[in-house]
Trainee: 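This is the structure, below, for whatever I ask next.
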Number of protein chains: 2
Amino acid sequence: MKTKKYEELRLHYKIWFTDDNDKGILGDGKYKILKAIDESGSLMSACENLGITYRRTWNDLKSIEKQLGFPLLEKTRGGADGGSTILTPEGKKLIRAFDDFHEKMDEIMQYHFALLKQQLLSDE
Amino acid sequence: MKTKKYEELRLHYKIWFTDDNDKGILGDGKYKILKAIDESGSLMSACENLGITYRRTWNDLKSIEKQLGFPLLEKTRGGADGGSTILTPEGKKLIRAFDDFHEKMDEIMQYHFALLKQQLLSDE
DNA sequence: ATGCGTTATGTTGATTTTTTCATATCGAAT
DNA sequence: ATTCGATATGAAAAAATCAACATAACGCAT
């Protein structure tokens, strides 16, 4: 009964960065957007890929850059292809750092979570 | 400019457990409630201590036990002191495991976050 | 039997978040 | 100059979350 429940347990986590007033800057959600933009080259296609609304995503991006105070994106409007959005070098650097961090955390978390399950399943 | 922003960066994170359908079971919020109940011996005083509403907390607790399928709490009503809520041994075990996990993660996260900051502050 | 403090639960109203819709702007290509 | 596909932005509608209030049940003490 209870042991079965514990074995089915899954771990989830979210990380986010804030400024020194704990006001959010960048988290998992916004990171995903930036990554999708980097891969697709435009905001619109990034939104379609992720299944999220353009309107909301646009707000999110605006808030990131407002918080950080320097641009992560380079946007163009008009032209043959309608426009584009790509990451600045600083933007790429940021998502790479975030990526690396996540990779490490995934590994460490799952390892310790396995230990926790054992702790729960043991009879004391 | 940008480097200053990075130095001011703070890390936050949340962890939570779900069942195998990713339906939430226990997270930081509910963990805090359980811990406060353990320390105070009643739901009401736990809520006052945490500054959260009784009504909402009661709903949260109900959902935990519904998800887990076995009780974490032992409640009594009436009597000289009006009633009480205490953790079952299984409940105590769970919050202890969560506690241990959090402690480890806090340490590991902060360590790797420091590395990430260095990565961001370095010029490439 | 009345009072007291706590658990238990419904309901309603407020607040916040998220979606949806509508519209404007831009610039290359035709 | 018109079309096209993308960015840019406002505003309203809808949904989800949260807070507040009211009320009942319970059982020991007096």
Side-chain angles (χ1 to χ4, degrees), chain A residues 12 14 16 18 22-68 71-88 91, chain B residues 12 14 16 18 22-68 71-88 91:
Chain A
H12 296 251
K14 272 191 182 176
W16 69 99
T18 68
D22 292 335
K23 196 160 192 318
I25 293 181
L26 177 65
D28 289 326
K30 288 172 184 166
Y31 155 76
K32 272 184 195 147
I33 295 169
L34 292 176
K35 191 162 191 179
I37 290 173
D38 193 37
E39 284 163 1
S40 68
S42 95
L43 219 185
M44 270 209 124
S45 47
C47 291
E48 277 164 21
N49 292 343
L50 295 177
I52 54 183
T53 66
Y54 179 93
R55 189 62 182 83
R56 174 167 185 192
T57 304
W58 189 89
N59 278 339
D60 284 347
L61 293 177
K62 194 170 177 183
S63 100
I64 297 178
E65 297 198 329
K66 185 184 170 194
Q67 286 293 308
L68 275 180
L72 299 176
L73 299 167
E74 203 177 304
K75 303 144 173 198
T76 66
R77 293 205 284 186
D81 57 353
S84 69
T85 303
I86 62 173
L87 292 191
T88 62
Chain B
H12 297 250
K14 271 191 183 177
W16 70 99
T18 69
D22 292 336
K23 197 161 192 319
I25 292 182
L26 177 64
D28 289 326
K30 287 170 186 166
Y31 155 75
K32 273 183 194 146
I33 295 169
L34 292 176
K35 191 160 191 179
I37 290 173
D38 193 37
E39 285 162 359
S40 67
S42 95
L43 219 185
M44 269 209 126
S45 46
C47 291
E48 277 164 23
N49 292 344
L50 295 177
I52 56 183
T53 66
Y54 179 93
R55 190 62 182 83
R56 169 158 191 202
T57 304
W58 189 88
N59 278 340
D60 284 347
L61 293 177
K62 194 172 178 183
S63 100
I64 298 178
E65 296 199 331
K66 186 185 169 193
Q67 285 294 307
L68 276 181
L72 298 177
L73 298 167
E74 203 177 302
K75 303 141 173 203
T76 66
R77 292 205 282 189
D81 56 353
S84 69
T85 303
I86 61 173
L87 293 191
T88 61

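Order of the sequence lines sets the chain letters (A, B, ...), proteins ahead of strands, with each chain counted from 1.
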Trainee: Starting from C1' on C:dT7, measure out to CG on B:Asp60 and report it in whole angstrom.
Mentor: 16 Å
Trainee: Within a reach of under 6.0 Å around CD of A:Glu74, are more than 12 heavy atoms found that belong to other residues, nucleotides or ligands?
Mentor: no
Trainee: Going by the rule side-chain hydrogen bond (donor to acceptor under 3.5 Å, both in side chains), which residues pair with A:Thr53 if we only count those two or more places apart in sequence or in a different chain?
Mentor: none
Trainee: Under a 3.5 Å threshold, yes or no: a donor from one side chain and an acceptor from the other, between B:Thr57 and B:Lys30?
Mentor: no
Trainee: How far does CD1 of A:Ile86 sit from OG of A:Ser42, to the nearest 0.5 angstrom?
Mentor: 11.5 Å
Trainee: B:Lys35: which residues meet the salt bridge (Lys or Arg N to Asp or Glu O under 4.0 Å) condition with it, sequence neighbours left out?
Mentor: B:Asp99
Trainee: Check whether any side-chain heavy atom of B:Leu73 lies under 4.5 Å from a side-chain heavy atom of B:Leu34, and answer yes or no.
Mentor: yes
Trainee: With heavy atoms of chain B within less than 4.0 Å as the criterion, where does contact along DNA chain D begin and end?
Mentor: D:dC18 to D:dA29
Trainee: Are there over 12 heavy-atom neighbours, none belonging to A:Lys32, within less than 6.0 Å of that residue's NZ?
Mentor: no
Trainee: I need the B:Trp16 CH2 to A:Lys14 NZ distance, nearest 0.5 Å.
Mentor: 5.0 Å
Trainee: Going by the rule salt bridge (Lys or Arg N to Asp or Glu O under 4.0 Å), which residues pair with A:Arg55 if we only count those two or more places apart in sequence or in a different chain?
Mentor: none
Trainee: Looking at residues 32-46 of chain A, who's got a heavy atom less than 4.0 Å off DNA chain C?
Mentor: none
Trainee: For nucleotides 15-30 of chain C, just jot down a letter per nucleotide in 5' to 3' order: B, S or -, based on protein non-hydrogen atoms under 4.0 Å.
Mentor: ---SSB----BBBSS-
Trainee: Run the salt-bridge test on A:Arg56 and A:Asp60 with the 4.0 Å N-O cut-off and return the result as yes or no.
Mentor: yes
Trainee: In whole Å, I'd like the distance from the CD atom of B:Glu74 to the C1' atom of C:dT6.
Mentor: 16 Å
